[in-house]
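To find a chain, count down the sequence lines: A is the first, B the second, and so on, and within it residues start at 1. Being a predicted model, the structure only gives us computed values, none of them experimental.
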Amino acid sequence: MDFITPSTWADALAIRADRPDAVPLAGGTDVMVELNFHRRRPGVLLDLTRIGDLTTWAQDGELLRVGAGVSYTRLIEELGDRLPGLAMAARTVGSPQIRNRGTLGGNLGSASPAGDGHPPLLAADAQVELASVRGTRLVPIGEFFTGPKHSVLAPDELIAAVWVRPADGPEQFSKIGTRNAMVIAVSSFALALHPGRRAVGTGIGSAAPTPRRAAEAELFAAGQLPWDTLAALDPDVARRFGELVAASAAPIDDVRGTAAYRRHALAVLAQRTLTWAWRDLCG
Amino acid sequence: MSATVHVGLAATVTGGVGASPLRPDGRLKVTGEFAFSSDLWADDMLWGATLRSPHPRARITELDLGPALRIPGVYAVLTHEDVPGRRLYGLEHVDQPVLAADEVRYQGEPIVVVAADHPETARRAVKAIGIAYDVLDPVTDPEAALHADRAPRVHADRPNLLRHVPIRRGDPHAAAAVVVTGEYEVGMQDQAFLGPESGLAVPADDGGVDLYIATQWLHVDQQQVAACLDLPADKVRLTLAGVGGAFGAREDLSMQVHACLLALRTGRPVKMVYGREESFFGHVHRHPARLRYEHGADADGRLVYVKARILLDGGAYASSSGAVVANAATLGIGPYDVPNVVMDAYGLYTNNPPCGAMRGFGAVQACFAYESQMDKLAAALGLDPVEVRVRNALHTGDRMPTGQLVEGPAPVAELLRLVQSKPPAGAADFPPGGTANTTRGEGVVRGVGYGIGIKNVCFSEGFDDYATARVRLELIGGRPAVLVHTAAAEVGQGLVTVQAQIVRTELGVDQVTIAPADTAVGSAGSSSASRQTYMTGGAVRAACQAIRTRLLDRLDGLAGELRLVDGQVRDADGGTVADVAELLGDEAIEETVQWRHRPTHPLDPETGQGDAHVQYAFAAHRATVDVDTELGLVKVVEIVTAQDVGKAVNPAAVTGQIHGGTAQGLGLALMEEIQLVDGKVRNPSFTDYLLPTIMDMPPMTVDVLELADPHSPYGLRGVGEPPTISSTPAVVAAIRAATGAALTRVPVRPEHIVGV
């Protein structure tokens with residue numbers, strides 16, 4: 001196994017183009033587990049940790065560009081005000097050590113249906129910047145995931161960054177695990193209210209082959225929420241929203257939980273997070 | 001003429017019995033410098049790897065070693081045909097193949113071992129082996145396994161029933177005013193030690209082998225390895241390597257014979273280290289259990305009878321299942337005085353992973369059931385759960401269902417009252433769900449539950465249970481110093497600290513060295529059954545006493561109460577009579593003692609009557625939980641526990657055992673389970689076999705009682721297992737109190753609480 005450590009993004013892209021068997025390595029919190037369990041034996045490990053540019057974030061016009069190498073800890077500490085939903089999700093990832101190492105780009109690269117970073121990116125309509133020697137493209141997050149641990153990332157591409165609008169309203173993220181920390185999601189849910197355009201964003205984790213939005217629930221809530229009056233949320237609206245979120249999931253039974261429980265929990269989480277977010281919006 | 005000596009356990013002995021000196025291995029372990037068995041190294045060593053069956057039950061139809069042998073760097077590829085001696089091993093029954101011959105009986109059963117010059121080469125060689133199977137339907141249901149017409153035999157030459165222990169006391173047809181019944185299930189828990197199975201076998205010039213190994217009992221390993229290698233015991237020498245946790249999982253052999261076979265074949269040292277996934281297949285687990293109970297009580301809540309049937313899934317090989325079944329049966333109604341008992345406990349062979357020793361050893365499974373029953377009984381009678389337990393509590397002078405008299409302190413009621421008397425738990429640091437932002441108080445309900453358990457200490461049923469200690473007192477640099485040599489396994493529990501404490505107390509010598517544990521000295525017995533401080537502690541103490549007698553014999557004509565303190569012989573008034581260094585001179589005094597506890601006796605095979613146990617130990621727990629009743633998530637807010645330890649030889653270590661044992665019981669209550677489907681393990685990783693984290697373990701209040709047992713050294717009582725036993729039912733009772741859910745199975749899962 002070769003271990004290549006490019007120091008520039010251009011070099012990294014060139015190597016990636018040259019060696020389609022290369023596995024990009026950032027925090028290593030997924031890749032190293034796979035290696036240690038002998039599930040994977042790539043020809044090349046492409047270490048991206050020396051590329052300083054990957055670990056920066058900046059505001060670019062109305063959008064934030066968050067480098068793929070930004071760690072969960074930094075999402076919490078540096079972007080908690082602008083991307084609260086993503087920061088809440090980052091707080092639920094692994095242990096402090098894992099949060100120090102693991103990156104947003106790595107999370108996307110693994111494309112696990114249970115990836116904690118995905119639901120808030122869905123709820124916030126983020127875009128993923130993919131780069132190769134052929135050029136750069138932006139993929140809406142909803143089109144990024146194609147199946148369990150599969151994405152549209154081409155063999156010669158690397159994930160450069162995530163583009164996302166800073167929160168323009170309350171955001172929430174909730175995750176179910178069977179212990180109180182360091183746990184892979186049984187199911188998770190992210191919510192973003194966009195009062196400016198009277199829209200609701202959602203993201204469901206660990207309850208379908210890919211992270212996905214609950215489109216019908218979004219439309220229902222956007223139509224039912226009393227945006228003009230900012231009146232208290234009708235509990236029936238919250239309950240119906242929960243049902244619609246649960247209905248849009250396609251969970252399975254596995255070692256972490258049953259499909260029935262996942263649906264049930266999603267309904268509860270959606271109902272609760274909508275209630276909290278609306279309360280936050282109304283002050 | 002001998003001096004009459006009384007040794008006072010004055011707390012004045014620095015680092016002696018009753019003190020909590022720092023453990024010698026503590027700093028190294030915390031800083032990561034401690035050498036565990038997986039760190040062993042020899043410059044010219046080879047690496048071993050194991051081909052394991054992917055099937056729970058299959059016949060091996062083809063085996064082609066050629067592709068593995070052709071890989072450069074591969075030095076040996078061995079099968080069952082290469083085992084020179086006995087091809088089977090086992091703790092109670094010799095029924096487990098060193099390497100499977102024609103048939104595999106559980107997923108993960110070893111078939112071929114390989115030695116290569118690099119671990120990766122060894123793994124590739126294992127993958128290259130050509131093997132084909134005729135896959136058979138596995139026997140996975142222990143209830144079916146019990147009936148010859150419902151399941152085939154797991155072993156062709158014997159029935160699936162491994163052991164049946166019946167216990168009959170009093171009137172089997174007794175009737176009662178209030179009757180509660182219940183069926184319970186306990187999932188398969190894993191010991192989940194952090195240091196995986198590992199060791200280094202070094203071939204010796206005399207044709208023997210030296211094995212450096214993480215184990216719980218060097219001599220029982222030695223005996224089995226020697227038999228399989230067809231070598232005399234003195235040619236198979238074992239030295240304890242750094243043990244990264246045990247909890248029962250190192251009682252059975254794992255890679256011991258394999259590494260020795262490879263070393264003797266290649267003439268090179270061979271190291272084997274299991275990875276985390278392989279470790280889940282490399283050791284036995286806690287028996288899953290199905291338990292059916294019927295409790296009958298009078299209108300005041302006094303138990304009239306208990307009828308119980310316990311089914312324990314032993315998996316493919318016997319391991320220590322027989323003793324586990326006996327424990328479940330003899331301890332199966334709990335620390336209660338019950339006049340009429342009908343108990344039947346069964347251990348079965350199936351094609352599930354083999355089960356054997358784990359902390360609590362049969363008492364854990366039963367306790368979950370009988371304590372659930374006691375809560376049910378309390379509810380049926382409208383009584384407080386503690387009150388109904390207290391009314392039935394076992395006392396000194398009562399008899400167990402086996403007819404065995406309960407001697408020595410049995411503070412069952414006191415322990416219950418003690419945990420009940422603590423102030424209620426305060427607010428939780430965070431809600432159920434932890435940092436995952438699942439509730440702001442919605443659906444959260446508090447509950448409180450109780451549990452008490454009973455455990456036997458040391459080996460039972462007439463087993464010749466002994467420990468050996470060699471102690472040497474001599475002058476080093478003009479100062480008295482003591483060397484202690486035993487084969488007792490330090491598995492993390494702190495035995496090395498305790499041995500030195502005993503020497504300081506008995507001989508008044510500060511400088512104590514604990515020699516590495518090996519088979520050059522006699523057996524210490526196993527570091528299990530909460531027995532090692534009792535047994536090896538007892539042996540070290542006895543050896544020290546023998547040395548002291550010989551030393552004081554030199555004070556010709558001097559009588560009276562003499563003590564050895566700070567290197568001096570002192571009289572009752574504290575006056576110095578002699579200096580130990582002068583008395584000793586250039587001659588070392590060495591004593592080797594083989595020490596036994598009181599004998600025990602077998603159980604009557606028909607009635608289960610007999611004085612089978614040495615000592616009983618008790619612990620009680622009160623758990624307070626917050627449950628999110630809509631999501632089924634649990635935060636244990638506080639655990640209060642009280643345990644009688646007879647004498648806290650090392651109070652810090654005792655408290656540590658109680659914390660750790662309680663956490664292991666909490667794990668069984670809430671998350672720890674090896675999940676099986678058709679005999680296959682679905683979660684062999686710490687990603688999906690969940691252990692409690694610091695966010696799951698609550699603050700604990702620990703009360704330690706020291707009610708001396710007149711028969712044990714210093715009055716001590718085994719400490720390690722009781723906290724694991726009663727914490728599980730206490731946590732589940734608290735969840736039931738919060739939710740009203742029946743919760744008849746552990747670990748409790750969120751879907752059980754919310755009922756979807």
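- The structure places CG of Asn36(A) at 11.5 Å from CD of Glu277(B), a figure rounded to the nearest 0.5 Å.
- For the atom pair CG (Asn683(B)) and CZ (Arg256(A)), the distance works out to 9.5 Å, reported to the nearest 0.5 Å.
- Only the side chain of Val183(A) comes within contact range of chain B, with at least one heavy atom under 4.5 Å from a heavy atom of that chain.
- Of all the listed residues (Met671(B), Arg440(B), Glu278(B)), the one sharing the greatest number of non-hydrogen pairs under 4.5 Å with chain A is Arg440(B).
- Contacts between Pro747(B) and chain A at a heavy-atom distance below 4.5 Å are absent for every atom of the residue.
- Heavy-atom pairs under 4.5 Å with chain A peak, among Thr439(B), Leu633(B), Thr687(B), at Thr439(B).
- More than 12 heavy-atom neighbours from other residues, nucleotides or ligands sit within 6.0 angstrom of CG on Asp234(A).
- Nearest heavy-atom pair across Phe686(B) and Arg179(A) is O-NH2, 4.3 Å.
- Side chains of Leu631(B) and Ile176(A) form a contact here, defined as non-hydrogen atoms less than 4.5 Å apart.
- In this structure, Arg41(A) and Glu120(B) have side chains that are in contact, with non-hydrogen atoms separated by less than 4.5 Å.
- The line from CZ of Phe189(A) to CG of Asn437(B) is 12.0 Å long, rounded to the nearest 0.5 Å.
- Residues Pro684(B) and Phe37(A) approach most closely at O-CE2, 4.0 Å, considering heavy atoms.
- For the residue pair Thr435(B) and Arg91(A), the shortest heavy atom distance occurs at OG1-O, 4.0 Å.
- With a 4.5 angstrom heavy-atom cutoff, Glu442(B) touches chain A via backbone and side-chain atoms both.
- Other residues, nucleotides and ligands place more than 12 heavy atoms under 6.0 Å from the NZ atom of Lys29(B).
- Ranked by heavy-atom pairs shorter than 4.5 Å toward chain B, the options Thr258(A), Asp116(A), Ile184(A) are led by Thr258(A).
- Between the side chain of Thr438(B) and the backbone N or O of Ser174(A) there is no donor-acceptor pair closer than 3.5 Å.
- Heavy-atom distances place the backbone of Val634(B), and not its side chain, under 4.5 Å from chain A.
- By the 6.0 Å contact criterion, CZ on Arg263(A) is enclosed, its count of non-hydrogen atoms from other residues, nucleotides or ligands being greater than 12.
- Judged purely by atom type and a 3.5 angstrom limit, Asn180(A) has no side-chain atom pairing as donor or acceptor with the backbone of Ile694(B).
- Annotation: Leu230(A), atom CG; neighbour count of heavy atoms from other residues, nucleotides and ligands within 6.0 Å is above 12.
- Distance check: Leu670(B) CG to Thr178(A) OG1 gives 10.0 Å after rounding to the nearest 0.5 Å.
- With rounding to the nearest 0.5 Å, the separation of CE in Met695(B) from CE in Met182(A) is 11.0 Å.
- The shortest side-chain heavy-atom distance between Glu673(B) and Val255(A) does not fall under the 4.5 Å cut-off.
- Residue contact with chain A, scored on non-hydrogen atoms closer than 4.5 Å, involves the side chain of Asp688(B) exclusively.
- Between Val268(A) and Glu630(B) the shortest heavy-atom distance is CG1-OE1, 3.8 Å.
- Atom NE2 of His38(A) has more than 12 neighbouring heavy atoms from other residues, nucleotides or ligands inside a 6.0 Å radius.
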